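First the structure, in the form of C-alpha coordinates, and then the observations on it.
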Amino acid sequence: MLDINLIRKEPEVVRQAIINRGNDPTPVDEILALDTQRREILARSERLRATRNAVSKEIGRMRDEAEREAKKAEMRRVGDEIAMLEAELAKIEAQLGELTAALPNLADPRVPVGPDETHNVLLRVVEGALPKPDFPPKPHWEIGEQLGIIDFERGVKLSGSRFYVLNGWGARLQRGLIAWMLDLRLRQGYEERYLPFMVKAQTLFAAGQLPKFRDNLYHDAEEDFWMVPTAEVPLTNLHGNEILDADDLPRLYTAYTPCFRREKMSAGRDVRGIKRGHQFDKVEMYAFTKPEESDHYLEKMREDAEATLKELGLTYRVKLLCTGDLGFASRITYDLEVWSPGVGEWLEVSSVSNVGDFQARRANIKFRREKGAKPEFVHTLNGSGLGLPRTMIAVLENYQQADGSVVVPEVLRPYVGTDVIRQAHA
RNA sequence: GGAAAGGUGGCCGAGUGGUUUAAGGCGGCGGUCUUGAAAACCGCUGUGGCGCUUAGCGUCACCGUGAGUUCGAAUCUCACCCUUUCCGCCA
(Lines give C-alpha, C1' and ligand atoms only; values in the text may rest on other atoms or scores of the structure.)
Protein backbone atom coordinates (compact mmCIF):
# COMPACT_ATOMS: atom_id res chain seq x y z
CA MET A 1 0.00 0.00 0.00
CA LEU A 2 1.31 3.39 -0.96
CA ASP A 3 1.02 6.38 1.34
CA ILE A 4 -1.99 8.46 0.27
CA ASN A 5 -0.06 11.57 1.28
CA LEU A 6 2.66 10.67 -1.20
CA ILE A 7 0.07 10.25 -3.95
CA ARG A 8 -1.38 13.66 -3.05
CA LYS A 9 1.94 15.46 -2.89
CA GLU A 10 3.82 13.77 -5.72
CA PRO A 11 1.28 12.39 -8.16
CA GLU A 12 3.73 12.80 -11.06
CA VAL A 13 6.37 10.66 -9.34
CA VAL A 14 3.83 7.94 -8.60
CA ARG A 15 2.43 8.03 -12.13
CA GLN A 16 5.89 7.71 -13.68
CA ALA A 17 6.83 4.87 -11.32
CA ILE A 18 3.76 2.94 -12.39
CA ILE A 19 4.49 3.55 -16.05
CA ASN A 20 8.05 2.30 -15.49
CA ARG A 21 6.61 -0.97 -14.29
CA GLY A 22 4.57 -1.25 -17.44
CA ASN A 23 1.26 -0.57 -15.69
CA ASP A 24 -1.54 1.86 -16.39
CA PRO A 25 -1.26 5.06 -14.29
CA THR A 26 -4.85 6.28 -14.67
CA PRO A 27 -5.92 4.88 -11.26
CA VAL A 28 -3.73 7.59 -9.72
CA ASP A 29 -6.02 10.31 -11.06
CA GLU A 30 -9.12 8.41 -9.98
CA ILE A 31 -7.61 8.07 -6.52
CA LEU A 32 -6.89 11.79 -6.29
CA ALA A 33 -10.44 12.66 -7.30
CA LEU A 34 -11.94 10.20 -4.82
CA ASP A 35 -9.61 11.41 -2.09
CA THR A 36 -10.81 14.99 -2.53
CA GLN A 37 -14.43 13.86 -2.48
CA ARG A 38 -13.80 11.78 0.59
CA ARG A 39 -12.39 14.67 2.57
CA GLU A 40 -15.25 16.99 1.62
CA ILE A 41 -17.91 14.53 2.69
CA LEU A 42 -15.98 13.57 5.79
CA ALA A 43 -15.78 17.19 6.92
CA ARG A 44 -19.53 17.66 6.41
CA SER A 45 -20.56 14.52 8.24
CA GLU A 46 -18.21 15.25 11.11
CA ARG A 47 -19.60 18.74 11.59
CA LEU A 48 -23.07 17.21 11.80
CA ARG A 49 -21.86 14.60 14.26
CA ALA A 50 -20.35 17.29 16.46
CA THR A 51 -23.70 19.08 16.48
CA ARG A 52 -25.60 15.92 17.30
CA ASN A 53 -23.22 14.97 20.09
CA ALA A 54 -23.62 18.37 21.72
CA VAL A 55 -27.40 18.53 21.34
CA SER A 56 -27.87 14.95 22.53
CA LYS A 57 -26.10 15.89 25.71
CA GLU A 58 -28.45 18.86 26.14
CA ILE A 59 -31.47 16.63 25.58
CA GLY A 60 -30.33 14.49 28.45
CA ARG A 61 -30.50 17.51 30.76
CA MET A 62 -33.73 19.03 29.46
CA ARG A 63 -36.81 19.02 31.66
CA ASP A 64 -39.29 20.70 29.30
CA GLU A 65 -40.99 17.85 27.44
CA ALA A 66 -42.06 19.89 24.38
CA GLU A 67 -38.65 21.40 23.90
CA ARG A 68 -37.13 17.98 24.33
CA GLU A 69 -39.31 16.44 21.64
CA ALA A 70 -38.55 19.32 19.27
CA LYS A 71 -34.83 18.77 19.66
CA LYS A 72 -35.23 15.05 19.18
CA ALA A 73 -37.09 15.60 15.93
CA GLU A 74 -34.40 17.98 14.77
CA MET A 75 -31.67 15.49 15.60
CA ARG A 76 -33.55 12.75 13.80
CA ARG A 77 -33.22 14.81 10.62
CA VAL A 78 -29.54 15.42 11.33
CA GLY A 79 -29.14 11.70 11.88
CA ASP A 80 -30.72 10.93 8.52
CA GLU A 81 -28.36 13.32 6.83
CA ILE A 82 -25.36 11.79 8.57
CA ALA A 83 -26.49 8.33 7.49
CA MET A 84 -26.77 9.52 3.89
CA LEU A 85 -23.34 11.11 3.89
CA GLU A 86 -21.80 8.05 5.48
CA ALA A 87 -23.32 5.68 2.99
CA GLU A 88 -21.73 7.79 0.29
CA LEU A 89 -18.48 7.87 2.21
CA ALA A 90 -18.43 4.11 2.60
CA LYS A 91 -18.83 3.72 -1.14
CA ILE A 92 -16.01 6.15 -1.88
CA GLU A 93 -13.73 4.56 0.67
CA ALA A 94 -14.38 1.10 -0.71
CA GLN A 95 -13.46 2.29 -4.20
CA LEU A 96 -10.46 4.18 -2.88
CA GLY A 97 -9.28 1.14 -0.97
CA GLU A 98 -9.66 -1.09 -3.99
CA LEU A 99 -7.72 1.27 -6.24
CA THR A 100 -4.88 1.95 -3.81
CA ALA A 101 -4.59 -1.74 -2.92
CA ALA A 102 -4.02 -2.47 -6.61
CA LEU A 103 -1.13 -0.01 -6.96
CA PRO A 104 2.30 -1.65 -6.94
CA ASN A 105 5.16 -0.41 -4.81
CA LEU A 106 7.45 2.31 -6.14
CA ALA A 107 10.78 1.05 -7.42
CA ASP A 108 14.00 2.17 -5.79
CA PRO A 109 15.90 4.74 -7.91
CA ARG A 110 18.71 2.19 -8.38
CA VAL A 111 16.38 -0.19 -10.21
CA PRO A 112 16.95 -0.06 -13.98
CA VAL A 113 13.90 0.85 -16.03
CA GLY A 114 12.91 -1.86 -18.47
CA PRO A 115 9.86 -3.64 -19.85
CA ASP A 116 10.61 -7.24 -18.90
CA GLU A 117 13.17 -9.79 -17.70
CA THR A 118 15.39 -9.21 -20.73
CA HIS A 119 16.35 -5.87 -19.15
CA ASN A 120 17.43 -7.32 -15.83
CA VAL A 121 21.04 -6.44 -15.10
CA LEU A 122 23.59 -9.19 -14.62
CA LEU A 123 25.75 -8.06 -11.71
CA ARG A 124 28.22 -10.94 -11.59
CA VAL A 125 28.84 -14.62 -12.03
CA VAL A 126 30.41 -16.56 -9.18
CA GLU A 127 32.20 -19.74 -10.21
CA GLY A 128 31.68 -22.74 -7.97
CA ALA A 129 34.44 -24.97 -6.69
CA LEU A 130 33.20 -28.09 -8.47
CA PRO A 131 35.18 -29.49 -11.40
CA LYS A 132 33.42 -29.40 -14.78
CA PRO A 133 31.98 -32.80 -15.75
CA ASP A 134 33.95 -34.72 -18.43
CA PHE A 135 30.82 -36.50 -19.67
CA PRO A 136 27.50 -35.28 -21.07
CA PRO A 137 25.46 -34.25 -17.98
CA LYS A 138 21.98 -35.66 -17.66
CA PRO A 139 18.90 -33.71 -16.59
CA HIS A 140 17.66 -34.39 -13.06
CA TRP A 141 14.58 -36.26 -14.19
CA GLU A 142 16.81 -38.87 -15.80
CA ILE A 143 19.15 -39.00 -12.82
CA GLY A 144 16.21 -39.20 -10.44
CA GLU A 145 14.42 -41.95 -12.30
CA GLN A 146 17.56 -44.03 -12.87
CA LEU A 147 18.43 -43.86 -9.18
CA GLY A 148 14.79 -44.43 -8.29
CA ILE A 149 14.71 -41.39 -6.01
CA ILE A 150 12.12 -39.36 -7.97
CA ASP A 151 8.83 -41.07 -8.86
CA PHE A 152 6.90 -38.90 -11.28
CA GLU A 153 4.29 -41.52 -12.21
CA ARG A 154 3.09 -42.07 -8.69
CA GLY A 155 3.01 -38.32 -8.03
CA VAL A 156 0.70 -37.93 -11.00
CA LYS A 157 -1.35 -40.94 -9.84
CA LEU A 158 -1.92 -39.28 -6.47
CA SER A 159 -2.42 -35.67 -7.44
CA GLY A 160 -2.08 -35.11 -11.18
CA SER A 161 0.48 -33.27 -13.22
CA ARG A 162 3.26 -31.27 -11.54
CA PHE A 163 3.40 -33.63 -8.55
CA TYR A 164 6.04 -36.20 -7.73
CA VAL A 165 7.15 -38.51 -4.96
CA LEU A 166 10.66 -38.51 -3.54
CA ASN A 167 11.95 -41.94 -2.52
CA GLY A 168 14.52 -42.93 0.08
CA TRP A 169 17.72 -40.98 -0.39
CA GLY A 170 15.91 -38.47 -2.56
CA ALA A 171 13.59 -37.60 0.31
CA ARG A 172 16.54 -37.56 2.70
CA LEU A 173 18.52 -35.27 0.44
CA GLN A 174 15.69 -32.76 0.48
CA ARG A 175 15.18 -33.09 4.22
CA GLY A 176 18.92 -32.66 4.72
CA LEU A 177 18.96 -29.54 2.59
CA ILE A 178 16.12 -28.03 4.60
CA ALA A 179 17.70 -28.81 7.96
CA TRP A 180 21.13 -27.62 6.85
CA MET A 181 19.77 -24.36 5.43
CA LEU A 182 17.83 -23.63 8.60
CA ASP A 183 20.96 -24.21 10.66
CA LEU A 184 22.93 -21.96 8.34
CA ARG A 185 20.34 -19.21 8.86
CA LEU A 186 20.62 -19.59 12.61
CA ARG A 187 24.39 -19.11 12.35
CA GLN A 188 23.70 -16.00 10.25
CA GLY A 189 21.56 -14.51 13.01
CA TYR A 190 17.99 -15.39 12.06
CA GLU A 191 15.44 -16.80 14.52
CA GLU A 192 13.54 -19.86 13.43
CA ARG A 193 9.76 -19.99 13.32
CA TYR A 194 7.36 -22.82 12.57
CA LEU A 195 4.28 -21.27 10.98
CA PRO A 196 0.72 -22.06 9.95
CA PHE A 197 0.56 -23.25 6.35
CA MET A 198 -3.03 -22.05 6.08
CA VAL A 199 -3.92 -18.43 6.75
CA LYS A 200 -6.87 -16.03 6.66
CA ALA A 201 -7.62 -13.81 3.66
CA GLN A 202 -6.61 -10.73 5.65
CA THR A 203 -3.16 -12.23 6.17
CA LEU A 204 -2.72 -12.60 2.42
CA PHE A 205 -3.94 -9.07 1.82
CA ALA A 206 -1.40 -7.64 4.23
CA ALA A 207 1.41 -9.42 2.42
CA GLY A 208 0.18 -8.03 -0.91
CA GLN A 209 -0.99 -11.37 -2.37
CA LEU A 210 -4.67 -10.48 -2.29
CA PRO A 211 -6.65 -9.22 -4.05
CA LYS A 212 -4.32 -9.15 -7.04
CA PHE A 213 -3.01 -12.70 -7.09
CA ARG A 214 -6.14 -14.52 -6.08
CA ASP A 215 -5.93 -16.77 -9.14
CA ASN A 216 -2.61 -18.19 -8.03
CA LEU A 217 -3.78 -19.25 -4.57
CA TYR A 218 -5.45 -22.36 -3.23
CA HIS A 219 -8.17 -21.91 -0.66
CA ASP A 220 -10.76 -23.85 1.26
CA ALA A 221 -14.17 -23.65 -0.36
CA GLU A 222 -16.06 -23.47 2.92
CA GLU A 223 -13.84 -21.70 5.38
CA ASP A 224 -11.50 -18.74 5.35
CA PHE A 225 -8.37 -20.86 4.98
CA TRP A 226 -5.82 -20.13 2.27
CA MET A 227 -2.75 -22.24 1.57
CA VAL A 228 0.39 -20.13 1.86
CA PRO A 229 2.17 -19.49 -1.46
CA THR A 230 5.33 -18.60 0.51
CA ALA A 231 6.40 -18.27 4.15
CA GLU A 232 6.68 -14.56 3.46
CA VAL A 233 2.91 -14.35 3.99
CA PRO A 234 2.70 -15.59 7.60
CA LEU A 235 6.06 -14.00 8.44
CA THR A 236 4.84 -10.57 7.34
CA ASN A 237 1.87 -10.87 9.65
CA LEU A 238 3.83 -12.15 12.60
CA HIS A 239 3.97 -8.57 13.87
CA GLY A 240 0.80 -7.33 12.20
CA ASN A 241 -1.00 -4.64 14.24
CA GLU A 242 1.95 -4.30 16.56
CA ILE A 243 4.10 -1.38 17.62
CA LEU A 244 7.61 -2.65 18.19
CA ASP A 245 10.29 -1.08 20.37
CA ALA A 246 13.21 0.38 18.44
CA ASP A 247 15.46 -1.85 20.56
CA ASP A 248 13.67 -4.89 19.12
CA LEU A 249 14.78 -3.99 15.60
CA PRO A 250 15.92 -5.49 13.44
CA ARG A 251 14.02 -8.74 13.80
CA LEU A 252 15.42 -11.45 11.54
CA TYR A 253 13.42 -14.62 10.97
CA THR A 254 13.79 -17.83 9.07
CA ALA A 255 11.14 -20.45 8.46
CA TYR A 256 10.65 -23.58 6.47
CA THR A 257 7.26 -24.05 4.85
CA PRO A 258 5.81 -25.82 1.89
CA CYS A 259 4.46 -23.37 -0.69
CA PHE A 260 1.27 -23.90 -2.68
CA ARG A 261 0.70 -22.23 -6.01
CA ARG A 262 -1.81 -22.82 -8.74
CA GLU A 263 0.68 -21.65 -11.39
CA LYS A 264 -2.20 -20.47 -13.55
CA MET A 265 0.04 -17.73 -14.87
CA SER A 266 2.65 -20.28 -15.89
CA ALA A 267 0.43 -22.96 -17.41
CA GLY A 268 2.46 -25.09 -19.77
CA ARG A 269 5.85 -23.76 -18.63
CA ASP A 270 8.47 -26.00 -17.09
CA VAL A 271 6.24 -29.06 -17.04
CA ARG A 272 9.17 -31.47 -17.10
CA GLY A 273 10.99 -32.43 -13.93
CA ILE A 274 10.58 -30.83 -10.52
CA LYS A 275 11.35 -27.22 -11.41
CA ARG A 276 7.82 -25.86 -11.10
CA GLY A 277 5.20 -27.67 -9.03
CA HIS A 278 1.94 -26.81 -7.29
CA GLN A 279 3.62 -27.71 -4.04
CA PHE A 280 7.24 -27.04 -3.21
CA ASP A 281 9.39 -26.50 -0.17
CA LYS A 282 11.29 -23.39 0.73
CA VAL A 283 13.37 -21.97 3.53
CA GLU A 284 12.63 -18.27 3.82
CA MET A 285 14.44 -15.31 5.34
CA TYR A 286 12.52 -12.29 6.57
CA ALA A 287 13.42 -9.02 8.29
CA PHE A 288 11.67 -6.16 10.06
CA THR A 289 13.98 -3.13 10.22
CA LYS A 290 14.09 0.59 10.79
CA PRO A 291 13.63 2.43 7.49
CA GLU A 292 17.20 3.71 7.37
CA GLU A 293 18.58 0.21 7.90
CA SER A 294 16.60 -1.77 5.36
CA ASP A 295 19.11 -1.38 2.54
CA HIS A 296 21.88 -2.68 4.75
CA TYR A 297 19.83 -5.80 5.51
CA LEU A 298 18.97 -6.23 1.84
CA GLU A 299 22.68 -6.72 1.19
CA LYS A 300 23.03 -8.99 4.20
CA MET A 301 20.19 -11.20 3.02
CA ARG A 302 21.63 -11.41 -0.46
CA GLU A 303 25.00 -12.37 1.00
CA ASP A 304 23.38 -14.93 3.28
CA ALA A 305 21.55 -16.50 0.35
CA GLU A 306 24.74 -16.48 -1.71
CA ALA A 307 26.59 -18.22 1.15
CA THR A 308 24.24 -21.17 0.68
CA LEU A 309 25.30 -21.64 -2.91
CA LYS A 310 28.96 -21.04 -2.11
CA GLU A 311 28.96 -23.70 0.59
CA LEU A 312 27.39 -26.11 -1.87
CA GLY A 313 30.18 -25.27 -4.32
CA LEU A 314 27.74 -24.29 -7.05
CA THR A 315 28.14 -21.74 -9.84
CA TYR A 316 25.61 -18.94 -9.73
CA ARG A 317 24.94 -15.46 -10.92
CA VAL A 318 23.37 -12.39 -9.36
CA LYS A 319 20.88 -10.22 -11.15
CA LEU A 320 19.26 -6.90 -10.35
CA LEU A 321 15.67 -6.97 -11.57
CA CYS A 322 14.43 -4.14 -13.76
CA THR A 323 11.15 -2.29 -13.14
CA GLY A 324 9.19 -4.50 -15.51
CA ASP A 325 10.17 -7.73 -13.74
CA LEU A 326 9.93 -6.44 -10.18
CA GLY A 327 7.42 -8.12 -7.87
CA PHE A 328 4.24 -6.21 -6.97
CA ALA A 329 5.32 -5.33 -3.42
CA SER A 330 9.03 -4.92 -4.00
CA ARG A 331 11.14 -1.78 -4.28
CA ILE A 332 14.29 -3.56 -5.31
CA THR A 333 15.05 -7.23 -5.89
CA TYR A 334 18.13 -9.36 -6.44
CA ASP A 335 17.68 -12.75 -8.08
CA LEU A 336 20.15 -15.56 -7.55
CA GLU A 337 20.35 -18.09 -10.36
CA VAL A 338 22.28 -21.32 -10.06
CA TRP A 339 23.83 -23.07 -13.03
CA SER A 340 22.50 -26.56 -13.67
CA PRO A 341 24.29 -28.42 -16.47
CA GLY A 342 21.69 -31.16 -17.00
CA VAL A 343 18.87 -28.85 -17.98
CA GLY A 344 21.49 -26.37 -19.27
CA GLU A 345 19.77 -23.48 -17.49
CA TRP A 346 20.31 -20.85 -14.86
CA LEU A 347 17.67 -21.67 -12.27
CA GLU A 348 16.17 -18.96 -10.08
CA VAL A 349 16.65 -20.24 -6.54
CA SER A 350 16.37 -17.03 -4.58
CA SER A 351 14.73 -13.65 -4.79
CA VAL A 352 15.79 -11.11 -2.19
CA SER A 353 13.66 -7.97 -1.90
CA ASN A 354 13.42 -4.78 0.07
CA VAL A 355 9.72 -4.05 0.30
CA GLY A 356 10.12 -0.78 2.22
CA ASP A 357 6.97 0.14 4.15
CA PHE A 358 4.62 -1.34 1.53
CA GLN A 359 3.68 -4.45 3.50
CA ALA A 360 4.07 -2.66 6.84
CA ARG A 361 1.29 -0.27 5.80
CA ARG A 362 -1.01 -3.09 4.79
CA ALA A 363 -0.25 -5.17 7.88
CA ASN A 364 0.03 -2.12 10.18
CA ILE A 365 3.47 -2.85 11.60
CA LYS A 366 5.10 0.08 13.35
CA PHE A 367 7.88 0.91 15.74
CA ARG A 368 8.61 3.70 18.17
CA ARG A 369 12.04 5.33 18.07
CA GLU A 370 11.81 6.31 21.73
CA LYS A 371 9.28 6.49 24.49
CA GLY A 372 6.44 8.83 23.60
CA ALA A 373 7.52 9.16 19.98
CA LYS A 374 4.98 8.85 17.22
CA PRO A 375 4.89 5.31 15.78
CA GLU A 376 6.45 4.90 12.32
CA PHE A 377 6.11 2.09 9.82
CA VAL A 378 8.92 -0.45 9.76
CA HIS A 379 10.52 -1.72 6.59
CA THR A 380 10.25 -5.38 5.69
CA LEU A 381 12.46 -7.58 3.55
CA ASN A 382 12.16 -11.10 2.32
CA GLY A 383 14.45 -13.54 0.63
CA SER A 384 14.39 -17.17 -0.34
CA GLY A 385 17.05 -19.10 1.37
CA LEU A 386 16.56 -21.18 -0.80
CA GLY A 387 13.82 -22.75 -2.89
CA LEU A 388 14.17 -26.51 -2.51
CA PRO A 389 13.28 -28.19 -5.79
CA ARG A 390 15.62 -26.01 -7.80
CA THR A 391 18.41 -26.36 -5.30
CA MET A 392 17.81 -30.13 -5.48
CA ILE A 393 18.01 -29.97 -9.27
CA ALA A 394 21.29 -28.07 -9.08
CA VAL A 395 22.75 -30.52 -6.54
CA LEU A 396 21.68 -33.59 -8.51
CA GLU A 397 22.89 -32.25 -11.84
CA ASN A 398 26.14 -30.70 -10.60
CA TYR A 399 27.12 -33.61 -8.37
CA GLN A 400 26.22 -36.40 -10.81
CA GLN A 401 28.99 -38.83 -11.68
CA ALA A 402 29.74 -40.64 -14.92
CA ASP A 403 28.41 -43.87 -13.40
CA GLY A 404 25.01 -42.31 -12.68
CA SER A 405 25.53 -41.90 -8.94
CA VAL A 406 25.26 -38.56 -7.14
CA VAL A 407 27.85 -37.43 -4.62
CA VAL A 408 26.33 -35.69 -1.60
CA PRO A 409 27.86 -32.22 -1.05
CA GLU A 410 30.18 -32.30 1.91
CA VAL A 411 28.22 -29.84 4.05
CA LEU A 412 25.10 -31.97 3.66
CA ARG A 413 26.59 -35.33 4.56
CA PRO A 414 25.90 -35.15 8.30
CA TYR A 415 22.32 -34.18 7.47
CA VAL A 416 21.67 -36.72 4.71
CA GLY A 417 23.54 -39.64 6.21
CA THR A 418 25.52 -40.81 3.20
CA ASP A 419 28.41 -39.64 1.02
CA VAL A 420 26.99 -40.82 -2.25
CA ILE A 421 23.59 -41.81 -3.62
CA ARG A 422 23.67 -44.90 -5.84
CA GLN A 423 20.07 -46.05 -5.47
CA ALA A 424 16.88 -45.05 -3.69
CA HIS A 425 17.42 -47.24 -0.68
CA ALA A 426 20.57 -48.22 1.19
C1' G B 1 -19.38 -30.95 17.21
C1' G B 2 -22.31 -29.87 22.24
C1' A B 3 -22.70 -26.92 26.95
C1' A B 4 -21.30 -22.86 30.07
C1' A B 5 -18.62 -18.42 31.14
C1' G B 6 -16.17 -14.50 29.09
C1' G B 7 -13.66 -10.56 25.43
C1' U B 8 -13.07 -2.82 28.22
C1' G B 9 -6.49 1.28 27.34
C1' G B 10 0.69 -1.44 27.93
C1' C B 11 -1.45 -4.77 32.17
C1' C B 12 -5.35 -5.62 36.05
C1' G B 13 -10.17 -4.05 36.64
C1' A B 14 -15.13 -0.91 37.49
C1' G B 15 -18.87 0.34 34.38
C1' U B 16 -26.89 -2.40 32.56
C1' G B 17 -29.03 4.13 28.10
C1' G B 18 -27.25 10.72 29.31
C1' U B 19 -21.76 15.05 34.41
C1' U B 20 -18.05 8.58 31.50
C1' U B 21 -14.67 13.78 29.13
C1' A B 22 -14.11 5.18 30.17
C1' A B 23 -13.68 5.17 37.66
C1' G B 24 -9.72 3.01 40.42
C1' G B 25 -5.16 0.47 40.57
C1' C B 26 -0.43 -1.33 38.44
C1' G B 27 3.38 -0.14 35.11
C1' G B 28 5.84 3.90 32.47
C1' C B 29 7.50 9.22 31.94
C1' G B 30 8.39 14.07 34.30
C1' G B 31 8.65 16.80 38.90
C1' U B 32 8.93 17.97 44.50
C1' C B 33 11.76 16.12 48.60
C1' U B 34 16.92 13.55 49.22
C1' U B 35 24.24 13.33 49.45
C1' G B 36 22.07 9.31 46.32
C1' A B 37 18.11 5.92 46.23
C1' A B 38 13.53 4.19 48.15
C1' A B 39 8.99 5.83 50.15
C1' A B 40 5.46 9.70 49.97
C1' C B 41 3.17 13.50 47.21
C1' C B 42 1.97 16.29 42.43
C1' G B 43 1.41 16.17 37.09
C1' C B 44 1.35 13.48 32.48
C1' U B 45 0.12 8.82 29.95
C1' G B 46 -3.49 4.97 23.53
C1' U B 47 -4.36 4.58 18.00
C1' G B 48 -6.07 6.53 13.54
C1' G B 49 -8.68 10.15 10.28
C1' C B 50 -9.96 15.27 8.99
C1' G B 51 -9.28 20.59 9.52
C1' C B 52 -6.54 24.89 11.16
C1' U B 53 -3.84 30.61 12.78
C1' U B 54 0.58 23.39 13.13
C1' A B 55 6.40 23.05 19.31
C1' G B 56 0.04 23.37 19.29
C1' C B 57 -5.35 23.63 18.89
C1' G B 58 -10.15 21.88 17.30
C1' U B 59 -13.09 17.85 15.76
C1' C B 60 -14.59 12.77 14.51
C1' A B 61 -13.99 7.56 15.19
C1' C B 62 -12.24 3.38 18.04
C1' C B 63 -14.53 -0.86 24.67
C1' G B 64 -13.56 -8.59 19.94
C1' U B 65 -15.89 -7.82 14.52
C1' G B 66 -20.16 -6.39 11.66
C1' A B 67 -25.18 -4.91 11.36
C1' G B 68 -29.46 -2.83 14.10
C1' U B 69 -32.60 0.06 17.93
C1' U B 70 -32.20 5.32 19.92
C1' C B 71 -31.94 12.38 19.97
C1' G B 72 -27.87 9.68 22.44
C1' A B 73 -24.83 2.84 22.99
C1' A B 74 -18.95 0.15 26.30
C1' U B 75 -24.09 -0.49 28.20
C1' C B 76 -30.00 -2.87 24.62
C1' U B 77 -30.97 -6.51 20.03
C1' C B 78 -29.09 -9.91 16.14
C1' A B 79 -25.18 -12.44 13.58
C1' C B 80 -20.24 -13.79 13.50
C1' C B 81 -15.10 -14.36 15.46
C1' C B 82 -11.94 -15.52 19.39
C1' U B 83 -10.55 -17.18 24.52
C1' U B 84 -11.27 -20.32 28.89
C1' U B 85 -13.54 -24.63 31.28
C1' C B 86 -16.27 -29.23 30.82
C1' C B 87 -18.10 -33.19 27.45
C1' G B 88 -17.38 -35.75 22.67
C1' C B 89 -13.79 -36.94 18.81
C1' C B 90 -8.65 -37.30 17.62
C1' A B 91 -2.51 -37.31 16.01
Side-chain angles (χ1 to χ4, degrees), chain A residues 1-9 31-101 194-206 210 219-226 234 237-249 251 258 357-378:
Chain A
M1 192 79 83
L2 295 180
D3 184 358
I4 184 70
N5 286 306
L6 177 70
I7 302 176
R8 270 181 214 154
K9 279 186 215 142
I31 286 167
L32 287 171
L34 286 168
D35 178 55
T36 306
Q37 272 187 60
R38 172 180 173 266
R39 284 184 286 168
E40 276 168 15
I41 294 171
L42 191 62
R44 274 163 65 198
S45 90
E46 286 191 353
R47 270 196 300 274
L48 291 175
R49 272 181 178 275
T51 306
R52 185 175 69 177
N53 286 347
V55 174
S56 288
K57 221 169 268 180
E58 281 174 37
I59 291 173
R61 288 191 293 261
M62 280 179 185
R63 290 289 162 260
D64 184 307
E65 199 54 35
E67 196 185 342
R68 199 182 165 102
E69 285 310 315
K71 282 289 184 195
K72 276 195 195 181
E74 193 186 328
M75 284 310 103
R76 243 192 303 270
R77 283 194 298 275
V78 170
D80 290 345
E81 201 176 335
I82 291 171
M84 237 176 57
L85 289 171
E86 284 189 347
E88 210 175 326
L89 199 59
K91 222 188 306 172
I92 289 169
E93 284 180 346
Q95 267 177 286
L96 204 50
E98 215 172 288
L99 288 172
T100 44
Y194 170 82
L195 304 160
F197 302 160
M198 297 192 289
V199 296
K200 311 190 266 194
Q202 165 57 29
T203 304
L204 283 152
F205 175 86
L210 280 177
H219 65 106
D220 187 276
E222 283 159 352
E223 300 192 63
D224 187 23
F225 285 130
W226 299 68
N237 288 275
L238 216 47
H239 293 299
N241 293 315
E242 289 183 25
I243 300 174
L244 303 167
D245 286 337
D247 298 345
D248 279 344
L249 297 176
R251 300 218 64 114
D357 62 8
F358 191 82
Q359 287 173 329
R361 281 179 191 283
R362 288 178 167 235
N364 189 26
I365 310 164
K366 298 186 170 181
F367 79 105
R368 234 189 280 273
R369 286 188 189 274
E370 52 204 60
K371 283 211 184 336
K374 195 177 148 68
E376 297 170 54
F377 288 111
V378 299

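Every chain is numbered from 1 and lettered A, B, ... according to where its sequence line falls, protein lines coming before strand lines. All values derive from a computational prediction rather than experimental measurement.
- In this entry B:C80 has B:G64 as its Watson-Crick or G-U wobble partner, both defining distances falling under 3.5 Å.
- The nucleotide B:U21 finds no pairing partner, because no Watson-Crick or G-U wobble arrangement with both distances shorter than 3.5 Å includes it.
- Searching all strands for a Watson-Crick or G-U wobble partner of B:A38 with both distances below 3.5 Å returns nothing.
- B:A73 and B:G64 have their P atoms separated by 16 Å, with the value rounded to a whole Å.
- Looking at heavy-atom distances under 4.0 Å, A:R361 makes no contact with the nucleic acid at all.
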Output a table of donor-acceptor pairs, distance under 3.5 Å, between side-chain atoms of residues 74-88 of chain A and any protein atom two or more places apart or on a different chain; print 'none' if there are none.
from	atom 1	to	atom 2	distance (Å)
A:E86	OE1	A:R49	NH2	3.1
A:E86	OE2	A:R49	NE	2.9
A:E86	OE2	A:R49	NH2	3.1

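- Between the side chain of A:E46 and the base of B:G49, at least one donor-acceptor pair of N or O atoms lies under 3.5 Å.
- Here the side chain of A:R368 is nearest to one of B:G48, B:G46, B:C71, namely B:G46.
- The partner of B:U70 is absent, by the rule that a Watson-Crick or G-U pair needs both atom distances under 3.5 Å.
- With a 3.5 Å ceiling on both atom-pair distances, B:A91 lacks any Watson-Crick or G-U wobble partner.
- No side-chain heavy atom of A:E242 sits under 4.5 Å from any side-chain heavy atom of A:I365.
- The residue A:R61 sits apart from the nucleic acid: no heavy atom pair falls under 4.0 Å.
- Remark: B:G51 base-pairs with B:C57; criterion is Watson-Crick or G-U wobble with both hydrogen-bond distances under 3.5 Å.
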